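Structure first, commentary second.
None of these values were measured; they are calculated from a predicted model. Worth knowing before you read on, the calculation uses all heavy atoms, side chains too, and leaves out hydrogens, waters and symmetry mates.
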2 protein chains.
Amino acid sequence: MKATRNTAAKTAVLEVFEKSKTALSHTEIHKQLNDLCDRVTIYRILDRLINEDVIHKISNLDGTVKYAKCNHAHQRVHIHNHAHFSCENCHEITCLENVKPSYIMPHNYKVNEINFTLSGLCPNCLNSNI
Amino acid sequence: MKATRNTAAKTAVLEVFEKSKTALSHTEIHKQLNDLCDRVTIYRILDRLINEDVIHKISNLDGTVKYAKCNHAHQRVHIHNHAHFSCENCHEITCLENVKPSYIMPHNYKVNEINFTLSGLCPNCLNSNI
DNA sequence: TTATCAATTGCAACATTGTTGCGTTTAATT
DNA sequence: AATTAAACGCAACAATGTTGCAATTGATAA
Ligand SMILES: [Mn+2]
Ligand SMILES: [Mn+2]
Ligand SMILES: [Zn+2]
Ligand SMILES: [Zn+2]
């Protein structure tokens with residue numbers, strides 16, 4: 001395994017994640033960093049953070065991709081088997097760490113990863129739409 | 001609701017879905033149609049077919065998007081609550097119509113759609129990798 | 001059958017997202 | 001301080017999806 005370094009850009013990206021309660025897209029991170037680094041660098045940092053199991057990737061039905069910190073006590077290798085919620089109104093995506101789907105797979109499949117994303121209205125938007 | 005028409009292109013796209021046992025990407029459909037119509041047209045046909053609940057969209061963890069026919073007896077409005085499997089080796093995506101996740105949501109969320117995609121090795125690839 | 005007209009299409013142009021190659025910079029170690 | 005591989009910036013590219021608009025066409029009614 002390659003040695004990984006702590007750079008200014010990586011630290012800044014991590015701070016952005018720290019401050020955010022919801023998942024973030026590459027573009028959102030780039031805007032918050034305010035040209036601290038190139039957008040390609042952010043893609044590469046995200047790749048590294050995923051490999052280090054510090055963040056995980058969330059792929060939404062509408063095609064958008066976001067990233068969120070793993071805020072559970074995490075072992076080195078773990079499956080992100082919790083659900084994510086994507087609000088159709090405010091477009092925020094949040095980890096639902098406590099929502100874990102149970103399901104029965106047919107034989108002869110080897111499951112390595114799961115992506116369970118629900119979409120609809122989040123509590124905020126549900127209340128304001130009375 | 002707007003009236004929808006049966007055009008040559010739409011019929012051709014439906015035939016492609018009919019023949020395929022796995023989900024198809026926009027690009028795969030375009031190649032199979034062999035320049036019968038423009039690629040923009042295919043995007044628009046896919047949009048219409050989704051609105052008509054004839055096909056459904058599958059968004060994978062790696063960012064790829066595919067489409068598959070609804071082959072259950074379908075009511076006008078229905079949730080596609082079955083799982084999809086994405087093979088990391090052959091990249092085929094199949095509907096697992098019988099795999100439906102059960103889960104418990106916190107209150108105050110309104111769920112309209114779910115996207116449940118599992119990835120790993122499909123039976124074919126699992127066997128050949130002994 | 002023919003006229004009508006909104007739905008559909010083709011085309012060009014554009015936007016967004018993600019990737020790659022390469023020369024330069026820099027974090028970590030000696 | 002010297003070393004060196006990891007990380008970076010930049011430019012160029014690829015893939016995917018969207019939009020506006022004029023031309024075409026499917027479905028309907030005359
Ligand atoms: Mn996690
Ligand atoms: Mn269906
Ligand atoms: Zn919301
Ligand atoms: Zn396979």
Side-chain angles (χ1 to χ4, degrees), chain A residues 1-17 23-68 86 88 91 93 115 117 119, chain B residues 1-17 23-68 86 88 91 93 115 117 119:
Chain A
M1 54 212 102
K2 278 210 295 188
T4 174
R5 292 180 184 178
N6 290 320
T7 65
K10 184 179 172 186
T11 307
V13 169
L14 276 176
E15 269 169 25
V16 171
F17 275 116
L24 299 164
S25 68
H26 168 272
T27 308
E28 289 166 337
I29 296 167
H30 190 207
K31 279 178 188 157
Q32 286 201 39
L33 288 190
N34 225 73
D35 282 312
L36 176 102
C37 67
D38 194 75
R39 43 180 227 101
V40 178
T41 301
I42 297 177
Y43 279 115
R44 300 200 257 228
I45 289 173
L46 291 172
D47 281 348
R48 268 180 282 151
L49 290 176
I50 288 175
N51 278 329
E52 296 169 11
D53 266 318
V54 175
I55 62 173
H56 55 282
K57 190 174 175 179
I58 305 160
S59 173
N60 202 41
L61 244 198
D62 66 11
T64 57
V65 171
K66 298 211 178 188
Y67 306 85
S86 164
E88 289 165 358
H91 297 104
I93 295 186
N115 175 36
T117 309
S119 40
Chain B
M1 58 213 97
K2 279 209 294 190
T4 176
R5 293 181 183 177
N6 291 320
T7 66
K10 184 180 171 185
T11 307
V13 169
L14 276 176
E15 268 168 24
V16 171
F17 275 116
L24 298 165
S25 67
H26 168 271
T27 308
E28 288 166 339
I29 296 167
H30 190 206
K31 279 177 189 158
Q32 286 202 38
L33 288 190
N34 225 73
D35 283 309
L36 177 101
C37 68
D38 194 76
R39 43 180 228 100
V40 178
T41 300
I42 296 177
Y43 279 116
R44 301 200 258 229
I45 289 173
L46 291 172
D47 281 347
R48 268 180 282 150
L49 290 176
I50 288 175
N51 278 330
E52 295 168 12
D53 267 318
V54 174
I55 62 174
H56 55 282
K57 189 173 175 178
I58 306 161
S59 171
N60 202 40
L61 245 198
D62 67 11
T64 55
V65 171
K66 299 212 178 187
Y67 306 85
S86 164
E88 290 164 356
H91 298 104
I93 296 186
N115 176 36
T117 309
S119 39

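Protein atom NE2 of A/H30 is 11 Å distant from nucleotide atom C1' of D/dG9, rounded to whole Å. Atoms CD1 (A/I42) and P (C/dT19) sit 14 Å apart, rounded to a whole Å. In this entry the distance linking CG of A/L46 with C1' of D/dA7 reads 14 Å, nearest Å. Between the NZ atom of A/K10 and the P atom of C/dT26 there is a distance of 18 Å, rounded to whole Å. Per the geometry, CG belonging to A/L33 stands 15 Å off C1' belonging to D/dG9, to the nearest Å.
Listed by chain and residue number, A/D62 satisfy the side chain to side chain donor-acceptor pair (under 3.5 Å) test with A/T64 (two or more places apart in sequence, or in another chain). Here A/H30 pairs with nothing under the ring-ring contact (aromatic ring centres under 6.0 Å, His included) rule; sequence neighbours left out. With sequence neighbours excluded, the residues forming a side-chain contact (heavy atoms from CB on, under 4.5 Å) with A/A68 are A/A23, A/H56, A/I58, A/C95, listed by chain and number. Under the side-chain contact (heavy atoms from CB on, under 4.5 Å) criterion, B/E15 pairs with B/T11, sequence neighbours left out. By the side chain to side chain donor-acceptor pair (under 3.5 Å) test, B/S59 pairs with A/S59, sequence neighbours left out. Contacts of A/E28 classified as salt bridge (charged side-chain N to carboxylate O under 4.0 Å, His left out), with partners at least two apart in sequence or in another chain: A/K66. Judged as a salt bridge (charged side-chain N to carboxylate O under 4.0 Å, His left out), and not counting sequence neighbours, the contacts of A/K10 are A/E52.
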Fill in: Sugar-phosphate or base contact per nucleotide [nucleotides 10-23 of chain D; S, B, -; heavy atom under 4.0 Å]
BB----SBBBB---
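The terminal axes of the helix from C/dT1-D/dA30 to C/dT30-D/dA1, fitted over 5 pairs per end, subtend an angle of 30° to the nearest 10°.
Phosphate contact (OP1/OP2 of D/dC8, side-chain N/O of A/T41, threshold under 4.0 Å): absent.
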What's touching nucleotides 28-30 of chain C from the protein side, N or O pairs under 3.5 Å?
unit_1, atom_1, unit_2, atom_2, d
C/dA28, OP1, A/N6, N, 3.1

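Using a 4.5 Å heavy-atom cutoff, the side chains of A/Y67 and A/I50 are in contact. Under the 4.5 Å side-chain criterion, counting only non-hydrogen atoms from C-beta, B/T117 is not in contact with A/T117. Between A/I45 and A/I29 the shortest side-chain heavy-atom distance does not fall below 4.5 Å.
Residue contacts shown for A/A9 are limited to sugar-phosphate atoms, with no base heavy atom under 4.0 Å away.
Applying the salt bridge (Lys or Arg N to Asp or Glu O under 4.0 Å) test to every pair with at least one member in residues 30-40 of chain A, sequence neighbours left out, gives no pairs at all.
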